[in-house]
Each structure stands twice: as C-alpha cells, then as structure tokens.
2 protein chains.
Amino acid sequence: MPKNCNFIEKLREVGLRPTKQRIKMCEVLYNREKTFHFTINDLVKMISEKMNEKISLATVYNTVHAFEKKGYLKEISIDSHKSYFDTNTSAHHHFFDEDTHELIDCDDNDIDPVNIKKNITGKKINSVEVLVRIASDNQTQK
Amino acid sequence: MPKNCNFIEKLREVGLRPTKQRIKMCEVLYNREKTFHFTINDLVKMISEKMNEKISLATVYNTVHAFEKKGYLKEISIDSHKSYFDTNTSAHHHFFDEDTHELIDCDDNDIDPVNIKKNITGKKINSVEVLVRIASDNQTQK
DNA sequence: AATCTACATTATAATAATTCTAAACTATTG
DNA sequence: CAATAGTTTAGAATTATTATAATGTAGATT
Ligand SMILES: [Mn+2]
Ligand SMILES: [Mn+2]
Ligand SMILES: [Zn+2]
Ligand SMILES: [Zn+2]
C-alpha cells in the first residue's frame with residue numbers, strides 16, 4: 001500500500017510537479033494490487049469520484065500522455081475507435097472479449113514465446129504482441 | 001487481370017448494386033496483383049484519381065463498411081488514431097514499421113503457429129494475430 | 001422505351017474524440 | 001513572501017466518423 005508521498009517522489013523524479021490532480025491520478029492508477037486497462041473516460045470518472053470535484057479532461061489527456069512518454073503507461077491498440085491504456089507497461093499479450101470489450105492480460109504461461117523467422121534488414125524488433133480475440137461460444141453442442 | 005464485369009457480378013452476388021462508384025472502388029481495391037493496406041483517405045485519393053471526378057467521402061465510408069461486413073475487407077488496429085483496412089481478409093500477422101507507419105503482411109512461413117495455453121470458459125477464440133513492431137536499427141555496431 | 005421504386009450518392013450537418021489556446025492558478029525557488 | 005516557471009482549466013478548434021435528407025440511378029415493371 002504505497003502512500004501519496006511515494007507518488008510525489010515518483011512525479012518529481014520524472015520532472016513533473018506533484019500537483020493534487022496528478023497525485024490523485026497516481027492514486028487511481030497505481031494504488032492497487034493489479035494493473036488494469038482503461039479508457040480516458042473511465043479514468044476521468046474514477047478520478048472525479050475520488051476527488052469529489054471535477055478534473056479537467058484536458059489535464060487527464062495531458063497527464064496520461066506525459067505518463068505514457070515517461071513509460072508509466074502504455075497505449076493498447078485493439079479498437080481503432082477507442083484508445084485503451086494499460087498500467088502494465090511491460091510487453092505482454094492480451095485477450096480481447098468482443099462481447100464485453102474487456103481486455104484481459106495474458107501472463108507468460110498462457111502463450112508460448114512467438115517465433116519470428118523473418119527478419120527485415122536495417123530494422124530491429126521493438127515488440128511482439130499477440131492479440132487473441134474471443135467471444136461467447138454459442139455452439140450448443142449436443 | 002479481372003475485368004469490370006467480374007466486379008459487377010461480385011457486387012450482385014452480395015446484394016450490392018453495381019454503381020459506377022462501387023465498381024471504381026473495386027477496381028482500385030482488387031484489380032491488382034497483391035493485397036494491400038490503406039486508410040480511408042488513401043482510398044479516397046486513389047479513387048478520385050482513377051475517376052477524374054470526386055467521390056463523396058460518405059460513399060467511401062459506407063461502401064468500405066459494407067465491404068467489411070461482407071468480408072471483402074478487414075479492419076486492422078495498430079494505431080488507435082487511424083483506421084487501417086486490409087484487402088487481405090484472411091487471418092494473418094503483421095509487421096508495423098514505426099518509422100514509416102507502413103504495415104507489412106507476414107506469410108505463414110514468417111511466424112510459427114502461436115500456441116495458446118489458456119482457455120477461457122464459455123468463450124471461443126475468434127482470431128489470434130501477432131503484431132511485430134519494428135523500427136530502424138541505429139545501433140552502429142563496430 | 002417510359003415509368004416506377006428501392007437503393008445509392010452527395011453535400012452538408014451532427015457527433016465524438018482529441019488537441020489547442022490563453023487566461024487563471026500554484027508549486028517551487030530565491 | 002515575491003517572482004517565475006510550470007499547471008489547470010473552460011472552452012474553442014480540429015479531426016475522424018456518422019447521420020440526414022434531398023437528389024440521382026439501377027433494375028424491374030409496364
Ligand atoms: Mn494517444
Ligand atoms: Mn470502423
Ligand atoms: Zn495489458
Ligand atoms: Zn495485412
């Protein structure tokens with residue numbers, strides 16, 4: 001259970017001023033057991049609830065992108081119509097539930113390492129990520 | 001080298017009226033050796049050039065989505081800020097060049113089959129796709 | 001071939017997500 | 001305490017996409 005002062009230090013280390021909005025955002029994002037996925041709108045709601053006070057949408061966008069640039073957050077592309085972010089910034093795979101639009105992390109045991117046999121000259125591989133799209137199985141098997 | 005009459009038939013089979021806009025769109029999309037990737041704006045430009053006449057953006061959006069629903073096109077999510085479409089509608093993997101924003105298809109020889117060991121009860125797997133992000137390799141190795 | 005009708009195209013307006021702007025505010029430094 | 005550089009904010013601007021409603025057209029019916 002990290003305390004706010006950790007977030008203050010964390011923000012300072014990265015060159016961001018620890019304002020009350022950013023600290024609240026850190027609490028919402030990082031004061032939890034597990035990493036999670038969210039959209040900007042999700043996040044605005046969560047912060048507003050925890051603050052009993054509105055936070056400007058622009059601030060959330062700006063700070064999310066600042067965090068992303070610093071490697072505190074990662075953007076996930078599964079749906080070209082919506083931006084998802086992930087507090088799990090490591091390279092990892094996902095299940096995406098097409099019914100609920102829920103993103104689920106895979107841990108390393110869930111998917112064997114992907115073997116890339118092609119290499120493109122002059123280019124290095126930055127990441128290899130698998131997206132498994134799932135949906136409810138309505139094949140009523142007899 | 002398919003002729004237009006093939007596109008007319010193709011459109012008819014699917015229940016779409018073969019209008020001159022749709023036929024032109026088919027030519028641009030399918031009258032070529034290899035499949036390719038495009039954005040809506042790419043496509044509007046390509047069609048307008050081939051027609052010597054403007055085509056409405058709404059028509060392109062509507063028809064692209066009609067084609068997508070019919071399985072003639074596939075939407076690819078690599079960048080949450082832009083929609084890419086693919087005339088290769090089969091399940092396949094991609095390289096995404098982060099320098100040029102170019103999408104490159106992998107063929108089956110390029111990546112070994114991905115082994116999913118996790119299964120989620122009540123859900124079936126719709127697709128498994130790998131995205132390999134690449135960028136220029138600037139490690140000037142001595 | 002002329003007419004009919006359902007479906008298409010189009011210009012334009014509406015919506016939604018994101019970014020920009022510039023004024024008011026605040027954390028930090030001296 | 002100022003002074004200052006960085007921050008938040010409301011609202012405007014921009015961009016991508018979708019909806020609307022008037023006009024046009026492909027294919028069927030006479
Ligand atoms: Mn973004
Ligand atoms: Mn779409
Ligand atoms: Zn994740
Ligand atoms: Zn492709």
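Naming convention: chains lettered A, B, ... in sequence-line order (proteins, then strands); numbering from 1 in each chain.
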Item checked: Distance test, side-chain N/O of A:Y61 to OP1/OP2 of C:dT19, below 4.0 Å -> no

Check: When the distance from NZ of B:K24 to P of C:dT10 is rounded to whole Å, what number comes out?
Finding: 13 Å

Next item on the list: Mind checking side-chain hydrogen bond (donor to acceptor under 3.5 Å, both in side chains) for A:S136 and listing every partner two or more places apart, or none if nothing turns up?
Entry: A:N138

Next item on the list: Rounded off to whole Å, could you give me the NZ-to-C1' distance for the B:K82 and C:dA17 pair?
Entry: 16 Å

Check: Are A:H65 and C:dT19 close enough that a side-chain N or O sits under 4.0 Å from OP1 or OP2?
Finding: yes

Next item on the list: Output yes when at least one side-chain N/O atom of A:R12 is less than 4.0 Å from OP1 or OP2 of C:dT28, else no.
Entry: yes

Check: OP1 or OP2 of C:dA17 sitting under 4.0 Å from any side-chain N/O of A:S83?
Finding: no

Next item on the list: Could you tell me whether B:E129 and B:K74 have a side-chain N and a carboxylate O separated by less than 4.0 Å?
Entry: yes

Item checked: Distance in angstrom units between A:H81 NE2 and D:dT18 P, rounded -> 6 Å

Notebook entry, point to check: Would you call the rings of B:Y72 and B:Y30 parallel, tilted or perpendicular, where under 30° means parallel and over 60° means perpendicular?
Noted result: perpendicular

Checklist line | Footprint string (nucleotides 4-14 of chain D, 5' to 3'): B base within contact, S backbone only, - free, heavy atoms under 4.0 Å | finding: -BBSSBB----

Margin query: Counting only heavy atoms from other residues, nucleotides and ligands, does the tally under 6.0 Å from NZ of B:K117 exceed 12?
Written below: yes

Item checked: Between P of C:dT26 and CG of A:L11, the distance in whole Å -> 18 Å

Checklist line | Side chain of A:N41 - closest among D:dG27, C:dA17, D:dA16 | finding: C:dA17

Note to self: I'd like to know whether NZ of A:K45 has more than 12 heavy-atom contacts from other residues, nucleotides or ligands below 6.0 angstrom.
What the structure shows: no

Notebook entry, point to check: Using the ring of each side chain (for Trp, its six-membered ring), is B:F38 parallel, tilted or perpendicular to B:F85, with breaks at 30° and 60°?
Noted result: parallel

Note to self: In this structure, how many angstroms lie between the P atom of D:dT25 and the CD1 atom of B:I8, rounded?
What the structure shows: 16 Å

